[in-house]
Structures are given as C-alpha cells and as structure tokens.
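Below is one structure, written out as structure tokens; comments come after it.
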Amino acid sequence: MYVDKETIKRDFKKKLTSMFAEEVEEASNIHKYQALASVIKDYSAENWMKTRKHYTEKREKQVYYFSMEFLLGRLLMSNIINIGIEKECQSALKDLGIELRDLEEAEMDAGLGNGGLGRLAACFLDSMASLGIPGNGCGIRYNYGLFEQKIIDGYQVEVPDNWLRDGNVWEVRKQNKAVEVRFGGQVKPYFEDNRLKFSHEDYDPVIAVPYDMPIVGYHNNTVNTLRLWSAEPVTGEFDFSSFSKGEYTKAVEYKSLVESISQVLYPDDSREEGRILRVKQQYFFVSAGIQSIIRTYKKMGVPINRLDEYIAIHINDTHPSVAVAELMRILVDEEEISWDEAWRITTNTMAYTNHTILAEALEKWPVEMFKKILPRIYMIIEEIDRRFREELSRRYPNDSNRIRRMAIIRDGSIHMAHLAIVGSHSVNGVAKLHTEILKKQELSDFYNYYPYKFNNKTNGITHRRWLIQANPELSNLIDSAIGTKWIYMPTELRRLMSYSKDRIFQSKIGAVKYHNKIKLANYIKDKYDIDIDPNSIYDVQIKRLHAYKRQLLNVFNILNLYYQLKENPDMDIVPRTFIFGAKASPSYYLAKQIIKLINTVAAKVNNDISIKGKIKVIFLANYRVSLAEKIIPAADVSEQISTTTKEASGTSNMKFMMNGAVTIATLDGANIEIKEEVGDDNIVIFGMKDYEVINYYKNGGYSARDFYNNDARLTRIVNALIDGSLNVSSSEFKIIYDSLINHNDEYFVLRDFDSYVKAQGRIDELYKDSVKWEEMCICNIANSGVFSSDNTILQYSKEVWNTKSSLIL
Ligand code: 26V
C-alpha cells in the first residue's frame, strides 16, 4: 500500500487534533507517537479486513499459533517498514520538525515474554504475514509484561512493567467476540437420548474478551491477527449488595480469580513454580481460543468432522497443551461426536514444539490441584491416559515400566509434555542437535512408539526486524552490492560471498560496523554515563540469565584477563568492551548473584586505571527487544557459550551472525548449523562435545575441584569469589562458589575454562588482522539467510500444518 508524504502529514495533524486536541508544536513525544501509530493502524485497517475476508471466502486452511508468550517489542517501525512507507513517514515528519526515530523511542515494548520462546513466536507471526500464510497468534493480554529490571548497587531489582499505562494504540477490543471460560464446580453425568452426557455445575464463569492486533506482512497487503485474551468478570454474576446472604466470601474470591488471570506474565524461564494460577492462565486462553476458532469455523458451513482440513493448532511448548483436552471436550460434549472420531480430528489438528530439555521446565500438574480447577478437562485427560495405556499394553505387553514412564498421569501428576505428544500428529525440536537429543534421550520412548511424529524445525529470526529495521545502514550497503532480491529471498545474501575478499567492500562493512558502534557508545554514554571506546572489540552476551548459559564462564575469562593485565599492563591485546544484558527470574537466587558478580567485576575493572582501559565491562540494565535492536548491529563478537546439549537452539546467535558479528561458541543448539553454514574458518568453536557432556552426566567422573586445584588461574578466580578481594563481603558470592566447588559445577564452567580462554585468544588474533576479520564478518552475513524465520515457517507450513500462501491480489 502506498501513501504519499502530504497525506501522512495531513492525517497525522488531524489525528493529533482528534485524539489530543493538540498542535504539533505543543504535543509531547508520547502523544506524537500515539497519533502516528494510530494513523499507521488506520492505513492497515482496510487490508486487515480484506485479509480476513479473503481467507474466509477462499476457505483457506488457517494456522493458530498458541503461545503463552509473544515478545513483540515495539511495533511502530516494523509496521511502517512492512507497509512500505518509511521514507514517506520520515520526510512527512521532517517537514513538521520531528525525527521519526524520536517517536520510535516513545513506544513501550510489548514485553509479553521471557526470552527466546516468546521472541520466536513474534518472529513467526511476522514471517507468516510476510509470506501470506493464513496464520493467527493466540495468547494472553497480560496487564503487566516481563518485569522492568533496575540495577541498584549492582543488584537486580524488579519493577512492574506497566506497558498499558498510556494505552495500546495497536489493539482493538472486540467485545462482541467475547466467550465464557468455566473454572471449578462439579461435573454430573446423566443420560439423554441414550447417550452419556456431562453437565458442569456450580462453576465460576470468566469472560474472555479478545483484543486483536494487526500483524502486517511485508509489502504484500496481508494483515494477519494476533488475538490476546483478557479476563473479565461476568456482569451481574454476583450481586455485591447481597453480602448478607453469605455470598460475600465467594464474591471476593471470584473477583480476585478473574482479576488475577490476565494480570501478569510469569517471569520464570525454565523453572517451575507450580502455581495454580499458571494452570488457570493456560486453560483460560486455550479454551477461549478454541471456542473462537470453532465459532468462526462453523460460519463457513463445513461439517465439524472436517475441522482438521481447515484448522491447524500449534502448541508452543507444553504451556498450551491442555488444548488437546479442550478440543476433545468441545467435540465430544458440545458437538456430540464419538470419542474415536473426535480423537482423529484432534490429533490431526494439533502439533507440538518442544523448546527445552531442562527437567525443571517440564510441566507437571498435581492431579488434586488440577481436577479442582478443571474437573471436566481432568476427566477427559484421564480417559486419554486410559486409552493410551491400553494401546501401550497391546504393543508392549510385558513392559509395565515403559508404560509407566510414558503415561500421561503418573504418581499423582499430569505430564503435560506427554499429553501434547500423544494428542499431536507432529512433535518437533528447534535445532538438529536438540531434535536428536529428544529422539535418542529425553523422548526416546515416544520416538520408538511414534517415530513418524518426530521432526526437526531449526528456529529462525525475521530478517526484516533484525536486519532491515535494526541495521538500516548495513541493509542499504547490501542492497548497493547485490540488489534487493535478498529481502524476499534471504538465501540470496549468499551473493555477498563474492565480495568477501573485496577490500573496498570490506572497508565499507567495517565503516558501517564502526558507525553502529559509535551509536551504541553514544547511547551508553547518554543512559549510563559510561564511556566506551568504539575502537575496542565489542564482545556481547545478551540473553536470559541462567547457569546453563554460562555468563559465569564469560566473567571468569574477564577476571583472568584482568589479572594478567595487572601483572603486565602492556600486554598486547586489542582493547575489549564486554557487554552483558540479562534478566534473572526473581526467584532464581544464583542467577541474581551472577548479575551482582558481573556488576562487581565491572566496578573493579572499570575503575582500575593501572590496566589502561584495555578492558571494560558493561551491564546494560533492562535487556529487552528494543535494546537488543541497538546492541546487535554494533557487536563484533557474539557469545554463545552454553553447556553443550543444554541450549535447545538459541536465536540471538542468528541475529548476531546476520549483523556481521563473529561467533564464539560451543557446538550446541543452532551454533552447530551456523558453523555448517559459515565454515570452520569463520566461527570460533571451543568446549566439550555433546557426547562428552552426555558421558559425564551418565557416568560421573568430573571433578570440578581437580580443575580448581590444578589450574592456578582458576584457583585465583574461584578464591576471589570468597576472599573479599572483589571489594564485597566474602559471603556475597558464596552461593556461586558452592555451585562450582561443593556441587561439582553442574554446567562444566571450570572444565571448559581453558578451552574458552584459548578461543578468546584466537578472537584477539583474528581481530588484529583486520582484512581477515572483515572477511569473516561478510561470510557471516552472506550465510545467514537460511536462518530467516521465513525459511523455518515455510517448512512448518509444508511439513506440519499443510497450509499455503494466499495473497490478496
Ligand atoms: C518455562 C516456564 C516454566 C514456568 C514459568 C514460566 C516459564 C516460561 C518459559 C518456560 C520455558 C522456556 C523455554 C525456552 O524459552 N526455551 C528456549 O526456546 C528458544 C526458542 O525455541 C530456544 O532458542 C532456546 O534455546 C530455548 O532455551
């Protein structure tokens, strides 16, 4: 869609008037942002309607991506770019004395996710829309997203993220599409027309109200929908004036139930809190989502038993796996379809992605708790479990252990991953190694039983946000070298390979990087009042804080360098700026102490003039999507140093690569595939191999204490945690010390230390050879195209969902 600059100017001024009764000169940036966003939303409104109508008229198969998390970040720029009116907006605003980039900064991030899993969902929405695939998101409209992180005295302090304070310009509340979701109560069986039926009584009804957000495709007139559900009370359900009737307690409980459901996102990554509320949240959006799918489907007039031909439901991790039981409930109880037929439809409709092998993250709900909250759903899960066990005992008549291991309900808990696997036709991991580990280890029983269900879909990232939007200079430079075909076909970036040794192109790449580094330095100066040197290597680790991601290994290398520099301040190394960004789960004490450690080391290193500014450590508070967009284009080195086997895929690794950073990595997750793409010379690999890690876990035989005792560098560094030499009390980092020495270093930090230090030495050597370095950067960019989420989504579409692109002409 095209809009000229004069129209934008006129519409923008009109909006400022209608929304705020303000002139351009008097409006704040927030108001100007809101007016512009609202204008942009208006521009996409017609295509939004058209897309919906088009899908219905053509009876296209639609996919619904169910996810508890959508980490969208900001939407203004991405919508403007995808509509295709960036230049027009820029110059319209310029005429009015406004910088588009300033308005961009006024937008709050939609931070409705913890990390990789939530951001992946957002990248997938962008790709589906840009490919014209009929794809919808379904999730929760949390009033509060992931907490805002403040750093006070080096510690993480969590502050509520009130992202809706100024309203959300992008959303549309659809009151008339609200549905009821039922909690608690009892289920009474009865007979009617010779059929066993169930009536759900005395339940607490909650109204689910959808808020729709447009997902604008890139230059293709497609506008898909992300539907987020908000929980509201049933009006008139409880008469608060009738307290005298003894209804008071019930009324108060009801009110707090309703208010809590869509109140806040769980800030836990891979750690189970076992909270009742989480089950309620899951059922809430799943039930609302499926009810609304069925409602729309029925309008098409196709019989319900063909649902699986028109609808695909994707389960993002186990969080929405109750969808299996909810769809069964609707088909069996409400549509009165036979169990077997309902089961065929359900399993053909559902597909499940696993995102982690960490045991702590596998959701198990206590039966006693679950059946109180969802009595009918529990009965259905029991029946699924009973039939599944029966099937298993026919197949494995003498293997009761195996049947127990695979059961959905076992030892008083419901295993949500098992429910998801049994109830889906497709189960996938998110990178080659991860899928192999699922097949051979974590889910090997299921792989044996259902080999045809298992497949790999390596993650991806949208190159529109992570390259075109975040790094416009690089994007323009690429255009000038190879044209713009890569935008529609990211693997075309390969054509940059013919420039990898071109000295002129190399220096242009270097200049773009340098300019991005200056921009980041200015931002850091502005926000944190710290000077960083754009001629230093920007070495970046940004991701959730977790022991397996090994921020600690990074810190140990820094301390090692620091001690070396203390002894020899003239040591010949390229100056380095180590940049961290990470949020820790509020209940994850070890992770929070690692943040404190990073800040403690930063204070020590940055204030020690004797090392002549050769290394600096910066912890950037409140890491989030919009901050990632500033950091990644400026990075020289991408830290992907998880304990091998633990990082299912990683996606920041792909973002860095696409922006021309060189990766230092273990052979874990998608790092392996990155190495395959760029070749051994363009990535720096270190650390244990997957089989070594697996062997250690199986057979023991690792002694962290031996490494601590036998490597003088480690002795000194680990001692520093408890000897007060970091200028904090000697008990401050005792928990970190204990995790390494007394709990035998579960994630092999000490084991991989030497290998990591050597790898960092190689980085230093490579960087000194600027011709080689630029060549590496170009090879990384050139080979990053396969990691566009367009590529991933095309595979899901073809191999899992059976959907196709359907563009409005
Ligand atoms: C688990 C829980 C458990 C309880 C409370 C809240 C909560 C939130 C999230 C999770 C699961 C986290 C799993 C996850 O984020 N996995 C990451 O998924 C990325 C996308 O596939 C992948 O790149 C990362 O390697 C993987 O760690």
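Here the structure is a predicted model, which is why all the values come from computation and not from measurement.
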Pairing donors with acceptors under 3.5 angstrom, does anything connect the side chains of Lys689 and Thr644? no

Any side-chain donor near an acceptor of the partner, Tyr702 and Asn744, under 3.5 Å: no

Measure up the Trp773 and Tyr767 rings against each other and bin them: parallel (under 30°), tilted (30 to 60°), perpendicular (over 60°). perpendicular

Indicate yes or no for a side-chain donor-acceptor contact from Glu107 to the backbone of Leu76 under 3.5 Å, with no hydrogens or angles considered. yes

Would you list the pairs meeting side-chain hydrogen bond (donor to acceptor under 3.5 Å, both in side chains) in which at least one residue belongs to residues 553-563, sequence neighbours left out? Gln541-Asn554, Tyr562-Asp608

May I ask you to decide if Ser500's main-chain N or O and Gln506's side chain share a donor-acceptor pair within less than 3.5 Å? yes

For Tyr747 and His546, take the angle between the two ring planes, folded into 0 to 90°, and tell me which bin it lands in: parallel under 30, tilted 30 to 60, perpendicular over 60. perpendicular

Does Asp153 use its side chain to pair, donor to acceptor, with the backbone of Tyr155 at less than 3.5 Å? no

Between the main-chain N or O of Cys779 and the side-chain N or O of Asn783, is there a donor-acceptor pair closer than 3.5 Å? yes

Using a 3.5 Å distance criterion without hydrogens, assess whether the side chain of Gln90 forms a donor-acceptor pair with backbone atoms of Arg101. no

For the residue pair Asn114 / Glu69, report whether a side-chain donor-acceptor contact shorter than 3.5 Å exists. yes

Within the distance-only criterion (no hydrogens, no angle test), does the side chain of Trp163 pair as donor or acceptor with the backbone N or O of Tyr142 below 3.5 angstrom? yes

If we count only N and O atoms by modelled type, under 3.5 Å, do the side chains of Arg751 and Tyr696 hold a donor and an acceptor together? yes

Quick one: does any side-chain atom of Asn476 pair with a main-chain N or O of Pro472 as donor and acceptor, under 3.5 Å? yes

Ring-face cation contact, Tyr538 with Lys517, 6.0 Å cut, 45° max: yes

Is the closest basic N to carboxylate O distance between Asp754 and Arg713 below 4.0 Å? yes

Salt-bridge present (Glu629, Arg465; N to O < 4.0 Å): yes

Given the side-chain rings of Phe580 and Tyr623, with only the six-membered ring counted for Trp, is the space between their centroids under 6.0 Å? no

Counting heavy atoms not belonging to Lys768, are there more than 12 under 6.0 Å from its NZ? yes

Donor-acceptor under 3.5 Å (Asp161 side chain, Glu148 main chain): no

Gln593 side chain vs Lys734 backbone, donor-acceptor pair below 3.5 Å: no

State, with a plain yes or no, whether a side-chain heavy atom of Tyr528 is found less than 4.5 Å away from one of Ile618. no

Restricting to non-hydrogen atoms, name the atom on Lys513 and the atom on Pro633 that form the minimum distance, rounded to 0.1 Å. NZ-O, 3.1 Å

I need the full list of side-chain hydrogen bond (donor to acceptor under 3.5 Å, both in side chains) pairs touching residues 658-672, with sequence neighbours left out, sorted by first then second residue. Asn471-Asn659, Ser642-Asp668, Asn653-Asn671

Is there side-chain contact between Leu590 and Ile735, with at least one heavy-atom pair below 4.5 Å? yes

Are a donor atom and an acceptor atom from the side chains of Glu639 and Tyr756 found within less than 3.5 Å of each other? yes

Over 12 foreign heavy atoms within 6.0 Å of NZ, Lys525: yes

Give a yes or no on whether the backbone of Val662 and the side-chain of Asn780 come within a donor-acceptor separation of less than 3.5 Å. no

Phe147 ring centre to Lys583 NZ or CZ under 6.0 Å, with the angle to the axis within 45°? yes

May I ask you to check whether Phe748 and Tyr697 place their ring centres under 6.0 Å from each other? yes

